[in-house]
Amino acid sequence: MNLLHGDTSGDQIRQSREQAFQDLLKQQILTGTKPKTEPTRSTRLLEKRKEQLEVQQALDDRKLESKKAEDAMRQRENDLKRREKELLEELTKYNKFLNDNDAKRVDAEKKLVENKKFLDQKDDEISHLRQYLEQVKREHEEKKRVLDAHRKYQKFFRHVLEKTDEYREVKALIERFNTLSGTKHRLQQNQENASRESEIEKVGLKKCVEERVNEQLALNNEISNLQKTLETVTELTIKQETSLDERSGMMVTRTQEFTQVKMACDNLYRRMLERAGQKYKKVDVLTQIEVINELLFDYKDIVSKAGKPKKVGGPGTVGFIGASTSVAPAATL
């Protein structure tokens with residue numbers, strides 16, 4: 001910045017010198033000063049000297065003016081610097097002021113919002129308190145109304161205490177009333193419970209009766225089916241008994257026939273053993289028949305060898321040998 005200031009001062013000096021020389025020439029032209037013809041040397045030196053002095057004076061004047069202008073410029077520059085410094089300081093202060101104002105504005109806005117919230121909260125609290133106050137007033141009025149309504153009971157209690165000696169205080173009378181009320185309430189609850197239980201029992205009984213009726217109907221149906229089955233079984237049993245009687249008759253008949261055959265076989269077996277000279281031994285019918293067959297075959301051989309038929313046994317026997325063939329089938333029965 002000093003170099004720039006120095007260049008500016010040199011240019012101003014040169015310009016002032018040139019301006020001074022031009023002004024001098026103009027002054028000479030305007031005043032009509034003309035050089036003499038054939039001036040002397042001394043005169044020319046004096047004129048030159050004079051011109052030199054005048055130019056020097058003009059230069060000095062210009063230099064002085066230039067110095068004054070330079071001083072003025074320097075003073076102006078200093079004033080500008082001082083003003084610039086002051087402006088910077090003022091700008092700094094202004095920026096600080098703006099920042100402070102912004103911070104204060106933000107704080108004020110925050111405080112305003114907080115105050116607004118606080119006011120809203122207080123308004124809500126006031127509203128709730130008013131509602132609570134209204135509720136308290138209504139409760140007070142209600143209690144006052146109840147108290148006014150209960151004054152007649154107080155008078156009644158006092159009248160009762162005056163008329164009876166059983167209770168000495170209203171408190172005892174109220175306690176007795178509360179006891180009786182509680183007993184009444186319990187009895188009512190017991191009655192309600194009993195009624196509910198009775199209804200439940202009625203429903204259960206009705207359901208049980210319906211179930212029993214359904215079971216009875218089912219049993220009747222089952223009895224009817226069983227009776228039909230019994231009739232069918234009875235008919236079948238009668239048929240089977242009839243068939244069994246027939247079979248029993250047949251068995252009796254066959255048993256009689258078998259007994260007769262057995263007796264005939266035993267008699268024949270006994271007689272055949274006596275004729276053969278053997279001792280009688282009690283054996284079963286099949287063995288007797290086998291023995292009789294063997295003896296008959298032996299006797300048949302003997303008769304065939306003799307060439308004539310011979311009567312077997314005496315009275316009560318089974319005829320001739322030829323009739324013995326009909327005994328074996330009867331014995332097999």
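Only this structure's heavy atoms are used, side chains among them; waters, hydrogens and symmetry mates stay out. Remember, predicted model here, so these are calculated numbers, not experimental data. Throughout, numbering of the chain's residues begins at 1 and tracks the sequence.
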With [X], which residues qualify under salt bridge (Lys or Arg N to Asp or Glu O under 4.0 Å), at least two apart?
| X | answer |
| --- | --- |
| E65 | R62 |
| E142 | R145 |
| E90 | none |

* Would you indicate whether Q191, at its atom CD, is surrounded by more than 12 heavy atoms from other residues, nucleotides or ligands within a distance under 6.0 Å? => no
Could you tabulate the donor-acceptor pairs under 3.5 Å formed by side-chain atoms of residues 91-101, not counting sequence neighbours?
unit_1	atom_1	unit_2	atom_2	d
T92	OG1	L88	O	2.7
N95	ND2	L91	O	3.2
N99	ND2	N95	O	3.1
N101	ND2	F97	O	3.2

* When clusters are formed by joining ILVMFWY residues with side-chain heavy atoms under 4.5 Å apart, either directly or through shared neighbours, do L217 and L226 land in the same one? ->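 Unlinked, L217 and L226 end up in two clusters.
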Look up atom [atom1] in [X] and atom [atom2] in [Y], then write down how far apart they are to the nearest 0.5 Å.
| X | Y | atom1 | atom2 | value |
| --- | --- | --- | --- | --- |
| T242 | K239 | OG1 | NZ | 9.5 Å |
| E211 | L205 | CD | CG | 11.0 Å |
| E222 | N220 | CD | CG | 10.0 Å |
| L219 | S224 | CG | OG | 12.5 Å |
| M263 | R270 | CE | CZ | 11.0 Å |
| L187 | L180 | CG | CG | 10.5 Å |

* **Min side-chain heavy-atom separation Q188-K184 under 4.5 Å** =>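 Yes. Closest side-chain heavy atoms under 4.5 Å.
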* Asked: Does any N or O in the side chain of T255 come within less than 3.5 Å of the main-chain N or O of M251, such that one atom is a donor and the other an acceptor?
  ->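 Such a contact is found between T255 side chain and M251 backbone.
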* **Sole residue of R76, K81, R83, Q75 in side chain to side chain donor-acceptor pair (under 3.5 Å) with D79** => Q75
* Asked: Run the side-chain hydrogen bond (donor to acceptor under 3.5 Å, both in side chains) check on N193 and E197 step by step: do they pass?
  -> CA-CA 6 Å; N193 294 330; E197 291 177 357; over 6 Å; no
Could you tell me whether [X] and [Y] make a salt bridge, using a distance below 4.0 angstrom between a side-chain N and a carboxylate O?
| X | Y | result |
| --- | --- | --- |
| E125 | K122 | yes |
| D107 | K104 | no |
| E231 | K228 | no |

Donor-acceptor contacts under 3.5 Å from residues 128-141 side chains, at least two apart:
unit_1	atom_1	unit_2	atom_2	d
Q135	NE2	E139	OE2	3.4

With a cut-off of 3.5 Å and sequence neighbours excluded, list every side-chain donor-acceptor pair involving residues 108-118.
unit_1	atom_1	unit_2	atom_2	d
E109	OE2	R105	NH1	2.9
N115	ND2	K111	O	3.0

